[in-house]
Amino acid sequence: MFDKHATEEEDKLVLLSALDRLGGCTEEQLLRFVVENALQNQFQFYLALAGLKEAAFVRETRHLEGTLLILTPEGRQSLELFGSRIRASLQQALEENGPSWRRRIRDELQMPADWRETDNGFIVTLRALEGGAEIFHMTLTAATKVQAKRFCARWPQKAAYLYQTIMAELGETQKDPPEGANRSDG
């Protein structure tokens, strides 16, 4: 349950601390983190984030997947000076949940997955990014919305394995004849 007595200052500090722990993330990812971990409600989140942007403590930067929020040097300095004003219970939640969410967000940014409904079912787009460039892109058709969502949810955990498997199956293997050799279609 959310504490009704949180101040706007603390709300802003919680967001600065969350960004510090999570690294660059989308606004939606940051919102999910603070709401799912009972750090803030949506209303607190949007008020605090607007104030942080206006004060230039948080800035937006472009990423292949959209816009990421990152701390500015001023935001980091403010957190260092005033971070101790965050209640211990919120500090504990940030510390306990930050590392797993950081990995989750990194995976979402490096292995984006999305789906959309069409006349022929649900189109699922699965991608892998490395060093800011797309290295893999696959589009599938799912029969149901549930299946499309499942494909997207499982993609970050399965992407490396599937990418390696496809590259091994389509790339050169020990069984391939030398280039230019005749192959029998037999």
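As the structure is a prediction and not an experimental result, all values here were calculated from the model.
- With hydrogens and angles left out, the side-chain atoms of Glu10 and Thr7 include no donor and acceptor closer than 3.5 Å.
- With a 6.0 Å radius and a threshold of 12 heavy atoms from other residues, nucleotides or ligands, Glu36 has its CD atom above the threshold.
- Panel note: side chain Glu134, backbone Ala128; no donor-acceptor pair is recorded below 3.5 Å.
- Interatomic distance, NZ of Lys145 versus CZ of Arg150, reported as 14.0 Å (0.5 Å rounding).
- The main-chain N or O of Ala56 is found under 3.5 Å from a side-chain atom of Thr72 such that the two form a donor-acceptor pair.
- With contacts defined as side-chain heavy-atom distances shorter than 4.5 Å, the pair Leu129/Ile135 does not qualify.
- Here the side chain of Asn37 pairs no donor or acceptor atom with the backbone of Leu39 at under 3.5 angstrom.
- In the displayed structure, Glu130 atom CD is contacted under 6.0 Å by at most 12 heavy atoms of other residues, nucleotides or ligands.
- Ile70 is listed as a side-chain neighbour of Arg59, based on a closest heavy-atom distance under 4.5 Å.
- Between the side chain of Gln44 and the main chain of Asn41, a donor-acceptor pair closer than 3.5 Å is present.
- For residues 85-104, the pairs satisfying ring-ring contact (aromatic ring centres under 6.0 Å, His included) are Phe33-Trp101, with sequence neighbours left out.
- A donor-acceptor distance shorter than 3.5 angstrom exists from the side chain of Gln29 to the backbone of Thr26, with no hydrogens or angles considered.
- A distance of 7.5 Å separates CG of Leu126 from OG1 of Thr139, quoted to the nearest 0.5 Å.
- Look at Glu80 and Arg76 and you find no salt bridge, because none of the NZ, NE, NH1 or NH2 atoms lies under 4.0 Å from a carboxylate O.
- The backbone N or O of Cys25 lies less than 3.5 Å from no partner atom in the side chain of Glu108, so there is not a single donor-acceptor pair.
- Looking at Arg21 and Ser17, their side chains do bring a donor and an acceptor atom within 3.5 Å of each other.
- In terms of modelled atom types and a separation under 3.5 Å, the side chain of Trp115 and the main chain of Thr141 share no donor-acceptor contact.
- The nearest pair of heavy atoms linking Met111 to Ala159 is CG-CB, 3.3 Å.
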